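Worksheet: one structure, shown below.
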Amino acid sequence: MGRKLLVSGNWKMNYTHLEAITALQALDVRLNRSLLAKVDVSIHPPFTALRSVQTVVEADDIPVMLGAQNCHFEDKGAYTGEVSPSMLAKLGVQLVIVGHSERRTYFHETDDDISRKLSAVLRNKMIPMLCVGESLAEREEGATEAKLESQLRGALAGIDRKSLSDLVVAYEPIWAIGTGRAAYPDDAEAACRHLRSVLSQLLGSELAEQIRLLYGGSVDPDNTAELVSNEDVDGVLVGGASLDPEKFAAIIKQAASTG
Ligand code: 13P
């Protein structure tokens, strides 16, 4: 394999900027630098905590990448309440989650919106982390592969393939998010293998091999090693457990020793 795994923590709508600083420092004391050389780590605090987290990362030289959870698809304009990708880039954000199922469900984001966001992230020289995943009903109907394929095709439509070598795609089955019921490692691998084969059709096999595929949904320190030992699972996107520095550090350690 020889790949470097990526462990990402999506803090969702949790932590004030002060709580975020405390959480980051608590994580930092639990990780050593040689461990962090073996695995890439990103954290995705809410917008209001990005600046504080960025300052601590830089001041303490913590080797984690700064990530955001969402952005608008325009760089500026009359969009009250929105945050643009150029604002994120200026703050030192390196990765932006696009198309999380919570945004698709609660904020009615379509594949077309997600495609525009993905292109906006790339235009601003950041890495998009595209989330895809099926509902429980779709899984039970045997429609998982079709759903993943249509979400991938929808998000990547019209995007220049040459810009996509750093793309990250996170497979997050909706039924596994926040439920304590992670996908079986074999199912996570099958879904990621399918994503890689669709990416290969869309972008060519060389590029498809470079794209990191993460699994997300009830990841914890006990299931990480088995999930990332699969060939097509290149890391994990962690929600709830990333809020607990003890658990998140344990997940990073598992990934570092498996990758
Ligand atoms: P949980 O790890 O809390 O299931 O959340 C997963 C997720 O949605 C990460 O983006």
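Every number for a ligand or one of its atoms is a count from 1 in the order of the listing. Computed from a predicted structure; not experimentally measured.
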| task | Check whether any heavy atom of Ala241 sits under 4.0 Å from an atom of ligand 1. | result | no

| task | Inspect the contact between Arg33 and Asp28 and indicate whether a charged nitrogen and a carboxylate oxygen are less than 4.0 angstrom apart. | result | yes

| Is it true that Asp75 and Arg123 make a salt bridge, defined as a side-chain N closer than 4.0 Å to a carboxylate O? | yes

| said: Between Asp234 and Lys4, does any NZ, NE, NH1 or NH2 come within less than 4.0 Å of an OD or OE carboxylate oxygen? | reply: no

| request: Enumerate the atoms of ligand 1 whose separation from the nearest heavy atom of Glu172 is less than 4.0 angstrom. | output: 6 (C), 7 (C), 8 (O), 9 (C), 10 (O)

| query | Which residue from Gly216, Gly178, Pro173 reaches closest to atom 4 (O) of ligand 1 through any of its heavy atoms? | reply | Gly178

| Which part of Ser242 is near ligand 1, with near meaning a heavy atom under 4.0 Å away: side chain, backbone, both or neither? | neither

| query | Going by distance alone, is a donor N or O of one side chain under 3.5 Å from an acceptor N or O of the other, for Tyr171 and Glu134? | reply | yes

| request: Over 60° means perpendicular and under 30° means parallel, so classify the ring planes of Tyr79 and His72, tilted if in between. | output: tilted

| query | If we only count N/O pairs under 3.5 Å, is Gly239 in contact with ligand 1? | reply | yes

| task | Verify the distance criterion only: is there a donor paired with an acceptor across the side chains of Asp112 and Thr110 at less than 3.5 Å? | result | no

| task | Please state which part of Ile177 comes within less than 4.0 Å of ligand 1, counting heavy atoms only: side chain, backbone, both or neither. | result | both

| query | What atoms of ligand 1 come closer than 4.0 angstrom to any heavy atom of Ala176? | reply | 4 (O)

| task | Could you check atom 5 (O) of ligand 1 against the protein and tell me its nearest heavy-atom contact, residue, atom and distance included? | result | Lys12 NZ, 3.3 Å

| request: Provide the number and element of each atom of ligand 1 under 4.0 Å from a heavy atom of His100. | output: 7 (C), 8 (O), 9 (C), 10 (O)

| Validation row: Leu31, Ile252 side chains within 4.5 angstrom (heavy atoms) | yes

| field | Glu109 and Arg104 ion-paired at < 4.0 Å | value | no

| Numbered atoms of ligand 1 (with element) below 4.0 Å of Asn10, judged on heavy atoms | 9 (C), 10 (O)

| said: Taking 4.0 angstrom as the limit and counting only heavy atoms of Gly240, give me the atoms of ligand 1 inside it, by number and element. | reply: 1 (P), 2 (O), 3 (O)

